[in-house]
Every structure is written in structure tokens, then in C-alpha cells.
Amino acid sequence: MATRLQFENSCEIGVFSKLSNAYCLVAIGGSESFYSTFEAELADVIPVVKTSIGGTRIIGRLCAGNKNGLLLPHTTTDQELQHLRNSLPDQVVVQRIEEKLSALGNCIACNDHVALTHPDLVRETEEMVADVLGVEVFRNTIATNALVGSFCALSNRGGLVHPHTSVEDLDELSTLLQVPLVAGTVNRGSEVIGAGMTVNDWTAFCGSDTTATEVSVIESVFKLREAQPSAIVDEMRKSLIDSYV
Amino acid sequence: MDIDTGMFTVPQTVGSVLCCKCGIPMAPNAANMCVKCLRSEVDITEGLQKHVTIVHCPECDTYLQPPRTWIKAQLESKELLTFCVKRLKNLNKIRLVHAEFIWTEPHSKRIKVKLVVQKEVLNGAILEQSYTVEYVQQEHMCESCARVQANPDQWVAAVQLRQHVSHRRTFFYLEQLILKHGAAASAIKITQMDQGIDFFFSNRSHGVKFVEFVGKVAPVRSRNDKQLVSQDSKSSTYHYKYTFSVEISPICREDLICLPPKVRSSFGNLGPVVICTKVTNSIALLDPLTLRHCFLDADQYWRSSFKSLQTSRELVEYIVLDVEMVSSEVNVGGTRYALADAQVARVSDFGKNDTIFNIKTHIGHLLNPGDYALGYDLYGANSNDEELDKYKGLVIPDVILIKKSYEEKRLKKRAKPRAWKLKSLAMEVDAKGRGALEKEAAEYEQFLKDLEENPAFRFNIDLYRDEGYQPSEKASVVDGEDAPFVPFDELLADMDNLQLREYEDDEDSGSMRE
């Protein structure tokens with residue numbers, strides 16, 4: 001189910017939040033409505049954590065993560081790092097990495113199995129990504145744009161990419177990522193998909209400017225209509241209980 | 001190019017996305033909306049004028065461009081399109097790509113113009129939109145038409161052309177010159193007066209232009225005056241009536257003149273008795289006995305302002321009995337003359353008595369024994385001229401021949417109609433007595449004869465083919481020398497009177513008609 005909301009009058013949801021199958025990070029906003037919308041959707045399923053990274057609110061673009069781990073830029077303070085380690089479930093590995101391209105959210109697009117990275121990412125970072133997130137890493141561009149994290153939104157069920165992506169590129173990416181891909185827009189024709197929305201396997205959040213057509217495209221490509229959180233989380237709970245005991 | 005660099009590039013096909021508003025598949029663009037949604041979203045013609053009022057003068061079919069210019073333009077013409085586009089405000093914020101008229105009924109007083117404009121919207125997409133502007137035409141008379149309507153005879157400048165001689169030859173010639181150069185095109189009224197013509201203009205500058213034109217073709221002196229008609233002291237505007245009084249010199253072609261002593265000495269003692277050979281804006285004088293010539297400027301003439309001794313009305317016909325060339329033909333100022341001794345007798349004397357004159361003449365090359373010539377009879381003349389009296393002991397010849405006469409030949413031709421005709425100015429004539437009209441007709445006939453005889457005289461005049469002229473069957477009869485006539489190829493076709501041919505679909509003749 002795709003939800004429409006705004007962060008302090010901005011429709012760029014993907015900038016101020018990070019959603020994965022195991023947790024959700026939100027920025028500290030002026031009003032509590034942003035946080036409460038996420039809470040209303042996700043509270044009884046996954047933890048919703050309020051945080052900042054490096055003192056900024058643009059957490060969605062600075063960090064990259066999936067259910068296995070979370071990568072933070074070198075600008076993250078120790079307190080923030082500790083706060084995150086405390087708030088997130090134990091099997092999520094929180095790691096701070098040294099990388100020149102510190103906006104990891106713009107450079108890395110990932111789901112639970114595969115990740116697309118900026119072609120100029122350092123070799124060690126790529127290895128870190130493969131390690132911490134437990135994914136297969138591919139360096140690629142989307143519609144001749146190197147910032148893959150900004151121009152696509154990826155989940156385990158599907159992906160939405162920049163509208164100017166050519167048919168051949170779409171095919172190639174789809175084969176790499178092993179998910180169905182669609183070129184589309186969000187927030188009334190905005191091409192910056194990754195910044196405009198955030199998605200996981202059963203729910204998506206996008207800006208309030210998103211038109212009905214765009215919402216229907218999102219719901220169809222990410223297969224959100226019949227998705228129920230319970231099935232996925234039950235699996236997770238089983239593993240949680242396992243480790244607890 | 002790919003093969004050259006050795007790089008393999010995959011051919012890129014543009015995918016299709018759904019329009020974010022209506023959901024129809026389309027190629028992605030900068031706004032990611034289909035054109036219709038973009039148009040419904042953004043109206044680039046917002047803030048532009050769609051209804052404009054323009055002012056039109058029905059009399060002269062002009063449109064007002066404020067504050068005061070009136071522009072003449074036909075409906076659906078380029079000038080009108082430029083005018084309409086100029087009247088739109090705010091057009092500099094938008095790029096105008098195309099403009100054209102949409103047909104409207106002329107009586108509806110509406111003009112519709114379709115404009116196609118381009119503007120950049122959203123994130124760099126350029127949107128092109130066409131819209132219609134409707135112009136409401138309001139009728140309002142322009143100032144000049146209003147003034148004409150209020151008082152049609154109202155003139156602002158008047159030029160009074162006068163020549164104090166007893167004939168109107170100069171005015172016939174001037175009339176043809178004016179027609180050829182169109183100098184009186186802006187005159188609102190032309191009146192024929194005794195010894196002259198009056199021209200009325202609605203603008204002082206038209207009058208000045210006309211006076212300057214006359215000054216170029218005739219030796220004139222002029223003065224001008226103005227009279228206050230009305231004034232507006234608050235805005236310091238004054239309306240005047242201007243009059244120009246132009247006097248043409250009384251010296252005409254073929255006149256016999258006795259030069260005053262001062263003028264004579266300034267020209268190197270040119271024989272006091274001279275003939276005027278040509279009058280343009282300067283007067284050309286020729287001494288018939290020595291074939292010396294000189295020119296008098298308008299200023300020079302009016303400083304000494306002498307009158308002619310005898311005019312061409314006083315020409316007498318002579319018959320040439322014998323001609324003996326004294327010198328060869330010379331070219332004096334463009335015309336050929338030859339000095340000769342001649343024996344002549346007056347036609348009125350011929351056969352009756354033996355009065356024969358032995359004279360020197362300057363047209364010896366034209367004369368043969370038995371020819372008729374026209375000349376001045378100084379033997380029998382009783383001249384009452386002051387200048388002549390100033391010369392003591394002056395020997396003047398008895399006869400001065402001026403030109404050859406073609407009267408006999410013309411009589412033989414028996415009034416053959418001419419193949420050409422002249423146009424005339426639309427003049428208002430005051431009612432005259434019958435005698436004056438007959439005199440004028442005779443003078444006009446003489447003027448036409450002059451035209452036939454002198455090619456140089458015809459130079460500045462337009463002659464038109466007479467449509468109604470039929471060459472007579474007896475034209476081939478040749479008896480000796482024929483009377484002078486105008487060669488056919490000098491004649492112009494008269495454009496104004498071309499008849500429309502019967503076939504209506506013949507475009508060429510229709511466009512020739514003025």
C-alpha cells in the first residue's frame with residue numbers, strides 16, 4: 001500500500017527517511033506528523049527510529065542499508081552511531097565506512113540480495129558493501145547517470161527507475177538485479193525516484209504530489225496490493241526467537 | 001563512427017513511461033507529462049491580451065497608432081499584421097513563432113489574428129501554444145479627413161503663377177511638364193486665371209515643393225506671404241494661410257529682344273537685337289547675324305528685366321527667293337545653324353510688287369528657294385521700345401527670319417487628324433466670353449503644331465497614342481516634302497483609358513487597369 005505524505009512541506013520522502021524490511025529510520029522533523037505516519041503503518045512490525053546523521057536531517061541520502069546491515073558515512077558522530085546500534089535489531093550490522101563519496105544513499109541502491117553502486121566507488125567500499133549488506137554488488141549507471149541511488153528505488157519485488165532509461169538499459173538492469181523494472185516518475189513527474197519515495201517489500205511512502213497514475217505504477221511494480229507484512233515478518237520473528245534462545 | 005573508434009555501443013531505444021497525470025503511455029520528456037496534460041496544467045498565454053481595440057478612419061482607410069500616426073493598410077495585408085502585433089503588450093516575455101489572419105467578415109468590424117507562441121515551462125520543456133486575439137475596430141475620422149470634411153475648399157497654401165504676356169503658350173507647356181512630373185498631385189484645387197493659373201494646397205510644404213519645381217523649369221521670381229487664420233495661445237499654435245506669388249519672365253521662345261546696353265556689354269557686346277531660342281530655368285539668346293549665343297540666369301534676367309521687342313504673334317510669312325550659304329553649319333548650344341544670305345519677299349507683297357529684301361539669316365541650312373519662312377518684319381514695324389532708342393546710330397536688319405513655315409503643306413493635308421493626343425490638368429475655368437475661348441483654341445492648335453515641328457520641344461512632354469485614330473487610306477500619297485509629324489514610336493500608351501477586355505478571367509488586363 002503506498003502512502004502519501006509530506007516532510008515539512010517537502011515531497012521528497014526518500015531524503016528524510018530510510019525504509020528496509022527490518023527497520024525504518026526517520027529524520028527529526030519540526031512536527032511529529034511525519035514520524036506518526038510511519039509509526040501508524042509500521043509500529044507493530046518493525047522498529048521506527050528517529051535519528052540524525054552527522055547532525056543533518058537528510059538521512060535517507062547519506063546511509064544505505066537492507067535487512068542485513070546499515071552503512072553510515074564517515075560524517076556520522078559517535079553518539080549517533082551508538083544510538084543506532086542500540087535502537088536497531090541485533091542482526092542488523094551497523095557499520096561506519098570511510099568513503100570519499102559520502103552520500104551513500106545516492107551512490108548505493110540495494111535490496112536484500114543485490115546492490116547497484118556508483119561506478120566510481122572505491123574497491124574497499126565495494127567489498128564492505130558486499131560484506132555488511134550480504135549482497136552481490138554491480139557497478140552501473142542508470143540513464144547515463146552515475147548516482148544510481150538517487151534515480152532508482154529498489155525492493156525485493158521490483159524496481160522503479162529514471163523515466164529516460166532506454167529499453168536496452170532497462171533489460172540489462174533487470175537481468176542484473178533479477179527483479180522486474182519499470183521506468184516511471186514520482187511526485188508529479190519528478191525524475192529523482194530515490195529521493196522522492198522509499199519502499200520495502202510490503203509498503204511504500206511517496207510525496208503528496210504523487211499523482212494517482214504514479215501511485216498505481218508504484219503499487220503494480222512493487223506488488224504492494226496483495227502484500228501483507230505478516231508473512232515476511234513472521235519469518236524474521238522466527239529467526240529472532242531462534243537467536244534469543 | 002562507432003566502428004572507427006573500436007567501441008561497441010548498444011543502440012538506445014527510447015522507452016515509454018506513463019504520463020503522470022492521465023496515465024497514457026508516452027515518450028519521456030522534461031516534464032514527464034503528456035502534451036495535453038501539460039497544456040491543461042500550464043497556460044502560457046495567461047496574462048496576454050486577447051481583446052484589443054483599434055481605431056480606424058473610414059475615409060482614408062487608415063489605422064491609428066497612438067499618439068498621432070495613422071497607418072494606411074488594407075485588410076489582411078502585411079502592414080496590418082505588423083500593426084496588429086505591435087499593438088499587443090507583453091509580447092516580449094514570450095517568443096512569437098507565427099502570426100496569421102483568420103478571415104472575418106469586413107462589415108463585422110472585427111479582425112482576428114492567430115498567434116503561435118513558445119515559452120519554457122516546468123523543468124526546461126518548451127511548450128508551444130496557439131491562441132486567437134480579437135481586434136475590435138472602432139470608427140473614428142482622422143484629423144486630416146475631418147478637416148477636409150468640415151471645409152472641403154480649405155486651403156493652407158496657394159501658389160499664384162503669372163506671366164504678363166498676351167498668350168498662354170507657356171502655360172500649355174508648363175501644364176504638360178507638371179503632368180509629366182506629377183508636381184500638382186497634392187493640389188486640392190487648380191484654377192485658371194487671366195494671365196496665369198492658381199494652385200491650392202493643403203500643406204505649406206506642398207506649396208513650397210511646387211514653387212521649387214516651377215523654379216527649375218522656368219525663369220521665375222517669387223515672393224511669399226502669410227496671413228494668420230487662427231491661433232491657440234495656450235499651446236502656442238498658429239494656423240496661417242500662405243500665398244506664393246510666382247512670376248514667370250515674359251520672354252518666350254522665338255521672341256525678338258533688344259538688349260539694354262548694360263546687359264549687352266556684360267555679354268561682350270552681343271548684337272543688341274537677339275532672338276530667344278530656348279527658355280528653361282535660364283534664357284538662351286542667339287545673335288542671328290553673328291551666331292553668338294549667351295545664357296541668362298533667372299536672377300540675372302530679373303535684375304535687368306527687359307521685355308521683348310516683338311513676340312511670335314507678330315511673325316510675318318515670307319517666301320524665300322534665293323539662298324546663298326556664307327558659312328558652314330555650326331552647332332551652337334546643341335542646335336545647328338548656318339549663316340546665309342537670302343533674298344526674301346513678304347507673301348503679302350509677292351506677285352503684287354517688287355519689294356525684296358536682302359538679308360542675312362541664321363537658318364540657311366533649312367531654307368531652299370521657294371520655301372516659306374516666318375520672320376519679324378522690322379522694316380515695316382513701328383517699335384516703341386526704350387532700349388532701341390538708347391542705341392544711337394544702330395543699323396538693324398529689315399527682316400529677321402525665325403523658322404520655316406509649314407502652313408502650305410498643312411493646308412494641303414486638309415486638317416488630317418493627329419495620331420496622338422495630350423492629357424490636361426483638371427482646371428476650374430471662370431466663365432469667359434466666346435471670343436476668348438476661340439482665341440484660346442487657336443493658341444492651343446498653334447502649340448500642338450509647335451510640338452510636331454520641334455523634337456527638342458517634345459523632349460519633356462508625354463504624348464499619348466490616340467485610341468480613336470485611324471490612319472487614312474490616302475496616307476501613301478506623297479507630294480514632295482510631307483508636313484512634320486510625330487513618329488509613332490515616341491508615343492506612349494495611355495494607361496488610364498485601357499478598356500477591360502470582354503473575357504473576365506483575363507488577369508493581365510485587369511491588373512493593368514489603374
Side-chain angles (χ1 to χ4, degrees), chain A residues 2 4 11-13 140-145 150-153 158-176 180-197 204 206-222, chain B residues 1-48 93-97 115-131:
Chain A
R4 282 190 258 210
C11 296
E12 309 292 329
I13 305 305
N140 217 315
T141 62
I142 292 183
T144 68
N145 225 300
S150 316
F151 291 105
C152 84
L160 186 65
V161 293
H162 190 289
H164 289 190
T165 316
S166 67
V167 171
E168 289 82 15
D169 268 357
L170 219 51
D171 285 340
E172 185 192 335
L173 286 170
S174 183
T175 337
L176 280 180
L181 292 179
V182 143
T185 67
V186 81
N187 284 340
R188 212 163 227 284
S190 165
E191 296 156 345
V192 197
I193 317 289
M197 60 174 286
C206 45
S208 54
D209 274 351
T210 315
T211 60
T213 319
E214 290 166 340
V215 168
S216 75
V217 167
I218 290 168
E219 287 186 353
S220 77
V221 76
F222 292 111
Chain B
M1 200 177 92
D2 301 336
I3 305 167
D4 289 348
T5 56
M7 274 219 333
F8 171 72
T9 48
V10 183
Q12 306 281 22
T13 1
V14 179
S16 84
V17 287
L18 299 185
C19 163
C20 66
K21 270 190 86 173
C22 57
I24 60 166
M26 49 163 241
N29 63 25
N32 290 318
M33 277 197 255
C34 65
V35 183
K36 290 202 188 104
C37 292
L38 201 53
R39 282 231 179 100
S40 67
E41 220 20 53
V42 183
D43 180 16
I44 56 179
T45 66
E46 196 180 359
L48 296 178
K93 301 207 181 87
I94 258 187
R95 219 177 107 221
L96 182 65
V97 174
L115 297 165
V116 178
V117 290
Q118 273 183 358
K119 193 173 172 186
E120 189 183 306
V121 292
L122 289 187
N123 7 337
I126 296 181
L127 194 60
E128 188 175 287
Q129 192 173 339
S130 82
Y131 72 108

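Nothing here was measured: the structure is a model prediction, and the numbers come from that model. Numbered from 1 within each chain, the chains take letters A, B, ... in sequence-line order.
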State, to 0.1 Å, how close B/P28 and A/P163 come at their nearest heavy-atom pair, and which atoms those are. CG-O, 3.3 Å
So among A/V217, A/V182, A/T211, A/T185, which one has a side-chain contact (heavy atoms from CB on, under 4.5 Å) with B/L18? A/V217
Which pairs count as salt bridge (Lys or Arg N to Asp or Glu O under 4.0 Å) when at least one residue sits in residues 120-131 of chain B, sequence neighbours excluded? none
With sequence neighbours excluded, give me every salt bridge (Lys or Arg N to Asp or Glu O under 4.0 Å) pair touching residues 13-38 of chain B. B/K21-B/E41
In Å and rounded to the nearest 0.5 Å, what is the CG to OG1 distance from B/N32 to A/T213? 12.0 Å
d(B/C20 SG, A/E214 CD) to nearest 0.5 Å is 4.5 Å
